[in-house]
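All remarks here apply to the structure that follows.
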Amino acid sequence: MVEMIPKINGEERREEGRFVLPEGEVRVFGAVAYVTVLEDRLAKIGLRRKWNYVEWKERETAAVCFNMLPKEKPEADFAKVEGAYVLYITPEQVKVTSHDPEGLTNGLTTLYWMLREGGGACGCGTFTDAPACGYRGILIDSSRHFFDVETIKGMIEQCSLRKLNRLHWHLSDDQGYRLESLRFPRLNEVGSWRKEPDGSTYGGFYTKAEVRDIVSYAGARGMQIIPEIDVPGHVGAILAAYPRLSCSKEEMEVKNMPGIHEHILCAGDDLTLQCVNILLDEAMELFPYPWFHVGGDEAPKSEWKKCPACQERIRAEGLKDEEELQAWFIKKVVEHLQEKGRTAICWNECMKSGMLDSRAVVQYWDEEEDAGYCRELAEGDRKCIYSYTPAFYFDYEPMLTPMRRMRNWKPVLRDGSQVAAKNLLGVEAAFWSERIEDRERLEKLAFPRLFAVAEAAWNGLADYGEFVERCAKHMRALDEDGVRHYSMDEVDLEGEAQKEAIIKEWKPMVDQARAAGMGHFLDVIGRLVRNKLEGVMDEAMIEEMIEEIRS
Ligand code: ACM
Ligand code: ZN
């Protein structure tokens with residue numbers, strides 16, 4: 001069987017015989033968008049064919065058939081989840097069937113890997129397959145560094161080949177606004193460009209035509225794009241273009257340094273919300289999917305504390321403090337999206353006030369300080385996308401984020417509890433780009449680690465050793481496709497490198513505590529280390545590490 005990542009999560013019934021892709025003309029039934037993806041992928045590996053489309057009534061005689069089944073009549077073979085498919089292979093025909101478009105592209109991808117492995121042929125049988133998680137995503141931050149259309153498409157293709165199905169596209173931040181806006185032209189004239197410390201100008205934005213092209217390219221590959229316009233913080237580029245939207249109204253530049261910047265949108269001025277709504281409406285026209293990410297992370301409240309309009313808003317709305325003002329602001333945005341038929345996603349800080357609209361989905365990345373405010377994910381009904389920093393922030397070097405931890409991930413929260421299974425939509429790996437300058441770096445940080453995310457989100461937990469072997473073989477496919485990657489020796493497969501790093505971080509403190517006669521401090525450190533790693537590192541390894549730190 002083909003060395004596919006992720007491995008099939010269902011039944012593989014093998015039969016005698018082989019299907020050989022006809023030379024020359026291939027009779028095909030299916031939607032042009034999908035067939036074109038298969039055609040392009042096969043052409044790239046030297047399997048160029050003439051694809052002739054046949055009518056619906058001839059579909060059973062086509063050599064390649066993509067058959068969408070009615071949702072109202074679920075077939076017995078199918079798992080009841082979006083993205084499931086059945087692939088039937090006989091000597092005469094390969095047929096992909098599904099109840100949804102994403103399932104067809106997943107089946108298409110499996111078929112592609114089989115034909116690639118077999119040089120245009122594959123063994124017969126029936127393969128049923130379905131994802132464990134509905135949401136299998138990556139985040140690309142196009143603000144801190146701007147990636148051109150080809151780079152974005154390249155990542156979409158590589159992710160789609162591993163059956164990832166969401167691209168969360170971070171399009172606005174302090175360092176640049178990246179979406180064309182006709183309603184707010186200064187967002188592009190001013191907000192899309194920054195002056196670098198060396199005096200050069202850096203930036204760019206995606207035109208509407210480019211975004212439509214990318215959305216359609218991704219859609220044909222089973223990948224939905226979720227845009228993020230981060231508010232009320234991380235808005236340096238918006239405020240450089242329209243300082244009127246800040247509390248102080250002072251002129252400022254698009255930021256050229258990473259970090260958390262103090263200036264945020266004024267929540268006391270009605271104009272701010274009106275503008276945000278218009279901006280969201282304009283962006284929504286480009287993205288047909290039900291989700292919209294509105295950020296809500298890392299919004300310092302110092303400006304709101306000083307701003308008469310914000311303070312008046314707090315008073316008039318009967319709010320307790322600036323945290324509740326953020327909740328009020330986000331609630332308005334969430335309601336606006338809801339009116340347009342969209343579901344808002346926001347970062348976990350938005351739960352801090354306890355007032356977040358119940359319909360909003362939370363993306364959990366954790367802030368160090370999170371005490372108990374995320375318990376709603378474990379004990380309530382709040383839906384969650386899981387991107388816990390120590391496991392899923394891919395801007396960190398591979399030696400800091402062990403593959404084993406990603407592959408064996410559990411949705412642990414900072415306090416040791418876990419996101420309830422009913423609330424967990426899935427998982428997302430984040431490529432924050434402060435230190436990702438170009439396509440090569442993006443690819444290297446992605447691979448091979450992203451294999452672990454794809455495998456775990458699709459398949460749950462098969463044997464880790466077998467998975468690592470499959471990865472090693474799968475690296476060949478990356479090389480053939482011209483995708484840059486770290487080698488298997490350059491990633492932390494077992495967590496050993498991370499263990500060493502943690503010991504190095506904590507041991508000096510333990511030694512000092514011991515020298516100062518503060519024995520009880522050892523237990524505190526043990527607890528801290530455990531909290532940091534529980535559920536994401538094997539228990540025996542945690543014990544071993546704590547012992548080593550204490551010894
Ligand atoms: C984040 O990393 N600020 C979501
Ligand atoms: Zn204000």
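Whatever order the structure lists ligands and atoms in, that order sets their numbers, starting from 1.
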**OP:** Output, in order, the C-alpha distance, side-chain angles, deciding distance and verdict of ring-ring contact (aromatic ring centres under 6.0 Å, His included) for W347 and H168.
**Re:** CA-CA 12 Å; W347 296 106; H168 166 183; 5.8 Å; yes

Would you call [X] and [Y] a salt bridge, using N to O less than 4.0 angstrom?
{"X": "R405", "Y": "D492", "answer": "no"}
{"X": "E157", "Y": "R221", "answer": "yes"}
{"X": "R244", "Y": "D269", "answer": "yes"}
{"X": "E210", "Y": "R178", "answer": "no"}

For the residue pair [X] and [Y], confirm or rule out a side-chain donor-acceptor distance under 3.5 Å.
{"X": "Q418", "Y": "K410", "value": "no"}
{"X": "R162", "Y": "Q158", "value": "yes"}
{"X": "W365", "Y": "E349", "value": "yes"}

**OP:** Below 2.8 Å of the Zn ion (ligand 2), tally up the protein N/O/S atoms for me.
**Re:**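 Counting protein N, O and S atoms closer than 2.8 Å to the Zn ion (ligand 2) gives 4.
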
Subject >> Sub-3.5 Å N/O-N/O distance, E298 and ligand 1 >> reply: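 Yes; the residue has a nitrogen or oxygen that sits under 3.5 Å from a nitrogen or oxygen of the ligand.
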
Original post:
How far is atom 3 (N) of ligand 1 from its nearest protein heavy atom, and which residue and atom name does that atom have?
Top reply: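 It is D297 OD2, 2.7 Å.
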
**OP:** Report the member of Y393, Y364, W347 with the shortest heavy-atom distance to atom 2 (O) of ligand 1.
**Re:**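 Nearest heavy atom to atom 2 (O) of ligand 1 lies in Y393.
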
**OP:** Output the list of atoms in ligand 1 that are nearer than 4.0 Å to some heavy atom of W432, sorted by atom number.
**Re:**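 Heavy-atom distances to W432 below 4.0 Å select 1 (C), 2 (O), 4 (C).
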
